[in-house]
Amino acid sequence: MPELPEAETIVRGLRTAVLGEVIRRVDVLHQDILRQPKAEFVRGVKGRRIDGVGRRGKNVLIRLDRDRVIAVNLGMTGRLLPFPTLPRGDGRPRHPAVRFRFESGALLIFDDTRRFGTVEVFTEHEWQGRSASMGPEPLDREYRARDLFEALQRSRAPARSWLLDQKKIAGVGNIYANEALYLAGVHPQREARQVSHRESVALHRSLRRVLRDAIRAGGTTIRDYRNAEGGRGEYARQLHVYGRDGEPCLKCRSHICRIVFANRSAFYCPTCQPVPTQ
DNA sequence: AGTGTATCCTGCAGGC
DNA sequence: TGCCTGCAGGATACAC
């Protein structure tokens, strides 16, 4: 579910809601969400103040005082929802996994239907180590088309698999990988190292454009994604290929195709994104 | 070393 | 109505 634009939208909404809050107590309702023993997690966060909210790839980072950072990976259905008081009745999250309760009485709830998400506390140093194993941020000013081209050259993976690999590039998921490939005219199964320099420039441009436009639209809600206010993202209306199999290509009216590889659906236009030449 | 596949989990839509 | 199958925005342990 949430990719870079969704995580970014959540971060922006969360910042105002939780900055300065002090964590008084933590309820772990689903321990499988944690990537460390519950006691260790609780010890790492309890009593600390939230000093910042940021993002790395698809991860939401909640920075605490005294050298701790909570990294939240939202998985497919994860939500981070702040509440002024413990929610009751209809507005209550249906699959709360971790509840942070603040000194002020307010709360932050990590809710995750499928529980593919993770919540983990690190020291800043530990987090830097984790972050270093991830690829560059595609929206960074310093991230150039040449970087993308050179990295693509080193891989035989299909272009879409390459884009989904967080170690290669951070924050790109299935929706935006397919969208960017379409706009660049690159077939999702093209071998990464076969992507030309010219195509790399187009892909670099389309990736950044798609991610930026999606942030501007508040992300893409297909079904589950909600921002920190519980609202939907509006980028679904701007999708060119994702989820549009059988519908006409917006450029050439060919039927959009859907194929499955690496256990994920890929969408492309057979005319605008020519099939890889064996 | 680098890639593809199966798997974790719940819910929903569509076919019969 | 109910049962079944397939599908879903992610990440990763494993086999090759």
Side-chain angles (χ1 to χ4, degrees), chain A residues 1-10 29-36 55-60 71-80 93-98 110-120 130-131 133-135 138 151-182 188-194 207 210-211 213-215 217-227 231-246 258-267 276:
Chain A
M1 141 199 199
E3 309 179 29
L4 186 157
E6 290 74 31
E8 180 63 29
T9 303
I10 288 170
L29 298 108
H30 283 289
Q31 198 149 346
D32 52 356
I33 289 293
L34 301 181
R35 281 295 171 275
Q36 63 206 135
R55 178 188 64 74
R56 173 78 170 100
K58 303 171 187 175
N59 298 280
V60 175
V72 179
N73 188 299
L74 299 142
M76 293 279 249
T77 53
R79 299 176 183 180
L80 278 169
R94 286 198 288 218
H95 300 278
V98 181
F110 177 67
D111 184 85
D112 188 2
T113 306
R114 293 174 70 183
R115 301 206 304 282
F116 287 175
T118 60
V119 178
E120 190 170 4
R130 175 70 60 101
S131 178
S133 71
M134 299 171 57
L152 286 168
Q153 290 292 101
R154 285 183 251 117
S155 172
R156 317 178 60 142
R160 192 209 46 177
S161 299
W162 192 94
L163 289 170
L164 293 185
D165 186 344
Q166 302 300 296
K167 294 189 291 300
K168 307 275 200 301
I169 187 166
V172 181
N174 205 27
I175 293 180
Y176 303 111
N178 279 288
E179 291 296 306
L181 288 166
Y182 168 77
Q189 288 181 302
R190 276 278 293 288
E191 206 176 300
R193 64 181 188 173
Q194 304 277 4
L207 244 190
V210 160
L211 294 172
D213 286 353
I215 290 172
T220 303
T221 297
I222 302 292
R223 172 181 297 164
D224 299 294
Y225 165 69
R226 294 290 125 89
N227 63 31
R232 305 166 57 90
E234 297 301 330
Y235 192 73
R237 298 184 299 144
Q238 298 179 57
L239 294 174
H240 297 87
V241 288
Y242 187 86
R244 293 194 65 240
D245 49 314
R258 170 180 173 269
I259 53 172
V260 176
F261 66 96
N263 268 357
R264 326 273 315 257
S265 291
F267 302 89

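- Using atom P as the reference point in both B:dG11 and C:dT12, the two lie 24 Å apart (nearest Å).
- Across all strands, A:Y242 comes closer than 4.0 Å only to sugar-phosphate atoms, never to a base (heavy-atom distances).
- Taken to the nearest 0.5 Å, the CD1 atom of A:I10 stands 11.0 Å off from the CZ atom of A:R226.
- A side-chain contact (heavy atoms from CB on, under 4.5 Å) with A:V172 holds for exactly one of A:L207, A:V210, A:D165; it is A:L207.
- Atom P of nucleotide C:dG10 and atom CZ of A:F116 are separated by 11 Å, given to the nearest angstrom.
- Within the 4.0 angstrom heavy-atom criterion, only backbone atoms of the sugar-phosphate kind lie near A:S155; the bases stay farther away.
- Applying the 3.5 Å distance criterion, the base of C:dA8 shares no donor-acceptor pair with the side chain of A:R264.
- The nearest whole Å value for the distance from the CZ atom in A:R35 to the P atom in C:dG10 is 16 Å.
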What donor-acceptor contacts under 3.5 angstrom involve side-chain atoms of residues 234-243 of chain A, with partners at least two apart or in another chain?
unit_1	atom_1	unit_2	atom_2	d
A:H240	ND1	A:E179	OE1	3.1

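- Among the protein residues, A:R154 comes within range of no part of the nucleic acid, since none of its heavy atoms lies under 4.0 Å from any strand.
- Within the 4.0 Å cut-off from OP1 or OP2 of C:dA11, not a single side-chain nitrogen or oxygen of A:T118 is found.
- Side-chain nitrogen and oxygen atoms of A:Q166 include none within less than 4.0 Å of the OP1 or OP2 phosphate oxygen of C:dG10.
- Computed from coordinates, the A:L74 CG to C:dA11 C1' distance equals 13 Å when rounded to whole Å.
- We find that NZ of A:K167 is positioned 10 Å from P of C:dA11, with the value rounded to whole Å.
- Position along DNA chain B of the nearest nucleotide to A:R94 versus A:D32 favours A:D32 as the more 5'-ward residue.
- The CZ-C1' distance, from A:R79 to C:dG10, rounds to 16 Å in whole Å.
- With 3.5 Å as the limit, one finds no donor-acceptor pair spanning the side chains of A:T118 and A:R35.
- The distance from atom CG of A:N59 to atom C1' of C:dG10 is 11 Å, rounded to the nearest whole Å.
- At a threshold of 4.0 Å, the pair A:E8-A:R55 counts as salt-bridged, since one of the basic side-chain nitrogens sits closer than that to a carboxylate oxygen.
- The cationic group of A:R79 does not satisfy the cation-pi geometry with A:F110, failing either the under 6.0 Å distance to the six-membered ring centre or the 45° limit from the ring axis.
- Considering A:V72, A:D224, A:T77 as possible partners of A:D112, the one that fulfils the side-chain contact (heavy atoms from CB on, under 4.5 Å) test is A:T77.
- In the 5' to 3' direction, nucleotides of DNA chain B lying under 4.0 Å from heavy atoms of chain A begin and end at B:dT3 to B:dG11.
- Here A:N174 lies in heavy-atom contact (under 4.0 Å) with sugar-phosphate atoms only.
- Base pairing of B:dC9 is not made with any nucleotide, judged by Watson-Crick or G-U wobble geometry with both donor-acceptor distances under 3.5 Å.
- Both A:N73 and A:F267 lie close to DNA chain C; mapped to their nearest nucleotides by heavy-atom distance, the more 5′-ward contact belongs to A:F267.
- One can place CZ of A:F110 at 14 Å from P of C:dG10, the figure rounded to the nearest angstrom.
- Look at the P atom in both C:dC3 and B:dC9: the space between them is 23 Å, to the nearest Å.
- Side chains of A:N227 and A:R232: a donor-acceptor N/O pair is absent below 3.5 angstrom, by distance only.
- Here C:dT12 presents its P atom at 10 Å from CG of A:D165, a figure rounded to the nearest Å.
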